[in-house]
Amino acid sequence: YTAAQKYLDAIYLRTQKASIHAYSGNIFIDIVINQMQEKCQLMDIRLELHVDQLKEVPLTDMEIVTVLANVLENAIEATNQVVKDRKIKLRIKNEDHYLLISLRNPTKEDVAIVGNKIGTTKPDREKHGIGLCNVEDVIIQNDGVFELFCKDRIFQFTAMIPYKSE
């Protein structure tokens, strides 16, 4: 989680200087979305958002940053390799006592998924794929479930994390 903590620190410093567009009402979700929105604009990628008002989520601030930053970074990287339909769809919703996070993006080719895991396509395999492992750890530690799916060069990540009952 040291990378996530550094990320939180960096984005906190950036928010002191910039105005943040509020999508969810949760400052950490909004900061990550704003930063990724900015990155998408620079790369001519459209980020389509469907985000509920989420003042409270079943994850810590660091966990929500870990999940969103990693899946969005992966989606941006994959989408940047395609020529047409450069669009990422992100949904973050409250659904039946669960936080639903769903992300779809195009890929250059279908991604092989075995046992809900994908292999990295990067040459330095030792240092890559860690992000999705961190995402998986956060989801599992919070009694959630997730699924990776790819068909017709469209990759989809879906996670459902239960709200803790009081």
Over 12 non-hydrogen atoms of neighbours within 6.0 angstrom of NE2 in H50: yes
More than 12 heavy atoms of other groups within 6.0 Å of E56 CD: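 No, because the 6.0 Å sphere around CD of E56 holds 12 heavy atoms or fewer from other groups.
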Check whether [X] reaches the backbone of [Y] with its side chain - one donor and one acceptor, N or O, closer than 3.5 Å.
X    : Y    : value
R104 : I154 : no
N70  : V135 : no
K164 : P58  : yes
R46  : K89  : no

Is [Y] reachable from [X] through a run of I, L, V, M, F, W or Y residues, each pair having side-chain heavy atoms under 4.5 Å apart?
X    : Y    : result
L103 : L100 : no
V71  : M43  : yes
I88  : V82  : no
L59  : Y98  : no
V67  : V51  : yes

Quick one: do L90 and I92 satisfy side chain to side chain contact (heavy atoms under 4.5 Å, CB included)? Show the steps, please. CA-CA 7 Å; L90 175 65; I92 308 174; 4.0 Å; yes
State, yes or no, whether a side-chain contact exists between [X] and [Y] at a heavy-atom distance under 4.5 Å.
X    : Y    : answer
K55  : N26  : no
I29  : I31  : no
I139 : V145 : no
K87  : D85  : no
F157 : N105 : no
N74  : F155 : no

We want to know whether [X] and [Y] form a side-chain donor-acceptor pair, criterion being a heavy-atom distance below 3.5 angstrom.
X    : Y    : value
N142 : E63  : yes
Y163 : N94  : yes
Q156 : T158 : yes

Roughly how far, to the nearest 0.5 Å, is [atom2] of [Y] from [atom1] of [X]?
X    : Y    : atom1 : atom2 : answer
E48  : C40  : CD    : SG    : 12.0 Å
F149 : I118 : CZ    : CD1   : 14.0 Å
K151 : T107 : NZ    : OG1   : 13.5 Å
D110 : C150 : CG    : SG    : 4.5 Å
H21  : E38  : NE2   : CD    : 14.0 Å

F146 and E136: CA distance, side-chain angles, deciding distance, side chain to side chain contact (heavy atoms under 4.5 Å, CB included) verdict: CA-CA 8 Å; F146 76 102; E136 179 179 9; 3.4 Å; yes
Quick one: which of D44, T79, N80 gives a side-chain hydrogen bond (donor to acceptor under 3.5 Å, both in side chains) with R86?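 With R86 as partner, D44, T79, N80 yield a single side-chain hydrogen bond (donor to acceptor under 3.5 Å, both in side chains), made by N80.
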Does this structure show an ion pair linking D52 with K93, if we count only N-O contacts that are shorter than 4.0 Å? yes
S24: which residues meet the side-chain hydrogen bond (donor to acceptor under 3.5 Å, both in side chains) condition with it, sequence neighbours left out? D30
Mind checking side-chain hydrogen bond (donor to acceptor under 3.5 Å, both in side chains) for K39 and listing every partner two or more places apart, or none if nothing turns up?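 Residues passing side-chain hydrogen bond (donor to acceptor under 3.5 Å, both in side chains) with K39: E73.
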For a side chain to side chain contact (heavy atoms under 4.5 Å, CB included) check, start with the C-alpha distance between Y23 and Q37, then their side-chain angles and the critical distance, and finish with the verdict. CA-CA 11 Å; Y23 295 99; Q37 184 80 276; 3.4 Å; yes
Checking side chain to side chain contact (heavy atoms under 4.5 Å, CB included) for the pair L72/L47: CA distance, chi angles, key distance, verdict? CA-CA 10 Å; L72 280 164; L47 181 57; 4.1 Å; yes
Minimum heavy-atom separation for A69 to V32, with atom names?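 For A69 and V32, the tightest heavy-atom pair comes out as N-CG1, 3.9 Å.
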